[in-house]
2 protein chains.
Amino acid sequence: MAGNEHFRQLLKSGNLKSTKHRNAILEALEKNDVPLTAEELYLHLKEDGVSISLSTVYRILETLVERNLAARFNLPDENKAVYELKHDQHRHHLLCVKCRKLLPVDGCPLEAYEKLLEDRFGFTVKGHQLEVFGYCADCSEKRDSK
Amino acid sequence: MAGNEHFRQLLKSGNLKSTKHRNAILEALEKNDVPLTAEELYLHLKEDGVSISLSTVYRILETLVERNLAARFNLPDENKAVYELKHDQHRHHLLCVKCRKLLPVDGCPLEAYEKLLEDRFGFTVKGHQLEVFGYCADCSEKRDSK
DNA sequence: ATGCAAATGCGAATGATTCTTAATAATATT
DNA sequence: AATATTATTAAGAATCATTCGCATTTGCAT
């Protein structure tokens, strides 16, 4: 129950009641530190002894995204969405196309580019989505030595 | 039938037979110049008098992506995939979150960043996916004047 | 403690995508 | 130009992710 109070605050900041399920989902997202699908979250909670309905998982995630506490996006070649907590530091991910591992990377290279887009196209940038994919260190090694 | 020979070449380059349906899909993708969903393509073809099955559209798109003639990705807040032809110039898109228009932008700001990732994480970058979203010139104006 | 609004469970409904199988069409060969 | 070979397509069923509807339960202000 360590971070419970922390999550309660977070939820209050979005005008949301603090419930067992919401706390559990926030905790799972924080603990894992990589984007997860609704079903992965559902299974993690189950393992932790939290009984929950899959549709509730979806509903909670939708709410968190709505209140800007979480982000939803898609990884390449997947037809399901993943979710992660909004971090202080804006971040992206490296996706290994071989082992499908995800490596979070803090920081972002796009500030200058977005200014350029605003100047050149009169487009008001509100955000972006960037995923980089390739071979992680482990899988690169194996490929090299082959 | 203007570009037929052009598409035939393209398909041959991927070891694919040139068929009415594949040509029609390539033509629709080229003509529209923005990413389209499988269903949008299906409807466009229908309007052009090309009778095709939706599952064939999916299968052809999958094949084109496999052979690296097209790219598949997801736009924010959509749970369906869109497809576009691979262009000579690597490109990204500006998505207007208000009117949902898509504006293609040639060029890419990520070369330096990818080198940095390779150095810092030993990650071998094969590609990336970047979509920028915000308000297009038209929709920005309306917001300003409000 | 009580009541009301918000949250949840459960299963059905929807929407996108993939699969299966029989029929058809595109190419290489004659 | 006809044929054999093999890839491609149609049609709809099946699957998977996600959303919805409604009855029940829970959190929280009073």
Side-chain angles (χ1 to χ4, degrees), chain A residues 1 4-5 7-26 28 35-46 49-67 69-83, chain B residues 1 4-5 7-26 28 35-46 49-67 69-83:
Chain A
M1 312 280 139
N4 243 12
E5 191 47 36
F7 296 138
R8 173 180 292 272
Q9 293 304 338
L10 202 59
L11 289 167
K12 212 156 277 171
S13 83
N15 274 318
L16 296 172
K17 288 182 182 171
S18 163
T19 71
K20 180 176 58 155
H21 294 133
R22 286 178 178 162
N23 287 320
I25 284 188
L26 290 172
L36 298 172
T37 66
E39 191 170 26
E40 285 167 343
L41 279 164
Y42 172 71
L43 294 173
H44 284 175
L45 295 206
K46 218 167 204 174
V50 179
S51 154
I52 191 174
S53 152
L54 181 55
S55 51
T56 300
V57 176
Y58 275 105
R59 240 179 330 211
I60 289 180
L61 289 169
E62 189 188 18
T63 305
L64 293 176
V65 170
E66 218 173 73
R67 304 302 163 90
L69 301 176
R72 170 198 153 132
F73 54 94
N74 287 82
L75 297 176
D77 304 321
E78 301 274 349
N79 44 15
K80 51 197 158 188
V82 292
Y83 301 81
Chain B
M1 314 274 140
N4 243 14
E5 189 47 37
F7 295 138
R8 173 179 292 272
Q9 294 303 339
L10 201 61
L11 289 168
K12 213 155 275 169
S13 83
N15 273 319
L16 296 172
K17 288 183 183 170
S18 163
T19 72
K20 181 177 58 155
H21 293 132
R22 284 177 179 161
N23 287 321
I25 285 187
L26 289 173
L36 298 172
T37 65
E39 192 172 23
E40 286 167 342
L41 279 164
Y42 172 70
L43 294 174
H44 283 175
L45 294 207
K46 219 166 203 176
V50 180
S51 153
I52 191 173
S53 150
L54 181 55
S55 52
T56 300
V57 175
Y58 275 105
R59 214 156 353 89
I60 290 180
L61 289 170
E62 189 188 18
T63 305
L64 294 176
V65 169
E66 216 173 77
R67 303 304 162 89
L69 301 177
R72 169 197 153 131
F73 53 94
N74 288 81
L75 298 177
D77 305 321
E78 301 274 348
N79 44 14
K80 51 197 158 187
V82 292
Y83 301 81

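Proteins get letters first, then strands, A, B, ... in listed order; numbering begins at 1 in each.
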A.B. asks: Using atom CG of A:L36 as one end and atom P of D:dA17 as the other, report the distance to the nearest whole Å.
C.D. replies: 15 Å

A.B. asks: Counting only side-chain N and O atoms of B:T37, is one of them less than 4.0 Å from OP1 or OP2 of C:dA16?
C.D. replies: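 Indeed not, no polar side-chain atom of B:T37 lies that close.
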
A.B. asks: What is the distance, rounded to the nearest whole Å, between atom CZ of A:F73 and atom P of D:dT18?
C.D. replies: 13 Å

A.B. asks: Mind checking the OG1-NZ spacing from B:T63 to B:K17? Nearest 0.5 Å is all I need.
C.D. replies: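 Between B:T63 OG1 and B:K17 NZ, I get 12.5 Å after rounding to 0.5 Å.
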
A.B. asks: Nearest whole Å is fine: how far is C:dT14 P from B:E39 CD?
C.D. replies: 15 Å

A.B. asks: Closest approach to the side chain of A:R59, judged atom by atom: which nucleotide of C:dT17, C:dA7, C:dC10 is it?
C.D. replies: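 The answer is C:dC10, which lies nearest to the side chain.
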
A.B. asks: Would you mind telling me which residue lines up with the more 5' stretch of DNA chain C, B:K17 or A:N79, judged by nearest nucleotide?
C.D. replies: A:N79

A.B. asks: Please tabulate, for side-chain N and O atoms in residues 72-83 of chain A, each donor-acceptor pair with protein atoms closer than 3.5 Å (sequence neighbours left out).
C.D. replies:
unit_1	atom_1	unit_2	atom_2	d
A:N74	ND2	A:K80	O	3.3
A:E78	OE2	A:R100	NH1	2.8

A.B. asks: Rounded to whole Å, how long is the line connecting atom CG of B:L54 with atom P of C:dT17?
C.D. replies: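 In whole Å, C:dT17 P lies 9 Å from B:L54 CG.
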
A.B. asks: Do A:R8 side-chain and D:dG27 base share a donor-acceptor contact under 3.5 Å?
C.D. replies: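 When only heavy-atom distances are counted, A:R8 does not reach the base of D:dG27 through any donor-acceptor pair under 3.5 Å.
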
A.B. asks: Nearest 0.5 Å, please: how far is CD1 in B:I25 from NE2 in B:H44?
C.D. replies: 12.5 Å

A.B. asks: Tell me the interatomic distance from B:K12, atom NZ, to C:dA28, atom P, rounded to whole angstroms.
C.D. replies: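 Rounded to whole Å, this separation is 7 Å.
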
A.B. asks: Distance check, rounded to the nearest 0.5 Å: B:H21 atom NE2 versus B:I52 atom CD1?
C.D. replies: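 Interatomic distance, B:H21 NE2 to B:I52 CD1, rounded to 0.5 Å: 4.5 Å.
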
A.B. asks: Assess whether a salt bridge exists between A:R8 and A:E5, defined as any Lys/Arg side-chain N lying under 4.0 Å from an Asp/Glu carboxylate O.
C.D. replies: yes

A.B. asks: Taking only side-chain nitrogens and oxygens of B:Y58, does any of them come within less than 4.0 Å of OP1 or OP2 of C:dT17?
C.D. replies: yes

A.B. asks: Could you tell me how far apart B:I52 (CD1) and C:dA25 (C1') are, to the nearest whole angstrom?
C.D. replies: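 It works out to 14 Å between those atoms.
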
A.B. asks: I want to confirm an ordering. Mapping B:L16 and B:Y83 to their closest nucleotides on DNA chain C, which one lands closer to the 5' end?
C.D. replies: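 On the 5' side of the pair lies B:Y83.
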
A.B. asks: Applying a 4.0 Å non-hydrogen cut-off, can you work out what A:S51 is touching in the nucleic acid: base, sugar-phosphate, or nothing?
C.D. replies: sugar-phosphate

A.B. asks: Indicate, with a heavy-atom threshold strictly under 4.0 Å, whether A:K80 touches base, sugar-phosphate, or nothing.
C.D. replies: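 If one applies the 4.0 Å heavy-atom cut-off, A:K80 turns out to touch the sugar-phosphate alone, with no base involved.
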
A.B. asks: Which of these nucleotides, D:dT19, D:dG12, D:dT9, is closest to any side-chain atom of B:S55?
C.D. replies: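 Between D:dT19, D:dG12, D:dT9, the one nearest the side chain of B:S55 would be D:dG12.
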
A.B. asks: Categorize B:R22 for me: base, sugar-phosphate, or nothing, with a 4.0 angstrom heavy-atom threshold over every strand shown.
C.D. replies: sugar-phosphate

A.B. asks: Would you indicate, yes or no, if D:dA10 has its OP1 or OP2 atom less than 4.0 angstrom from a side-chain nitrogen or oxygen of B:T56?
C.D. replies: yes

A.B. asks: Side chains of B:L11 and B:L26: does their closest heavy-atom pair fall under 4.5 Å?
C.D. replies: yes

A.B. asks: Is it the case that the base of D:dG27 and the side chain of A:S18 share a donor-acceptor contact (distance under 3.5 Å, atom types as modelled)?
C.D. replies: no

A.B. asks: Less than 4.0 angstrom between a side-chain N/O of A:H21 and OP1 or OP2 of C:dG9, yes or no?
C.D. replies: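 The answer is yes; a side-chain N or O of A:H21 sits under 4.0 Å from OP1 or OP2.
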
A.B. asks: Tell me the interatomic distance from B:I60, atom CD1, to C:dA26, atom P, rounded to whole angstroms.
C.D. replies: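 Nearest whole value for this atom pair: 12 Å.
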
A.B. asks: How many Å lie between OH on B:Y42 and C1' on C:dA16, as a whole number?
C.D. replies: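 Answer to the nearest Å: 14 Å.
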
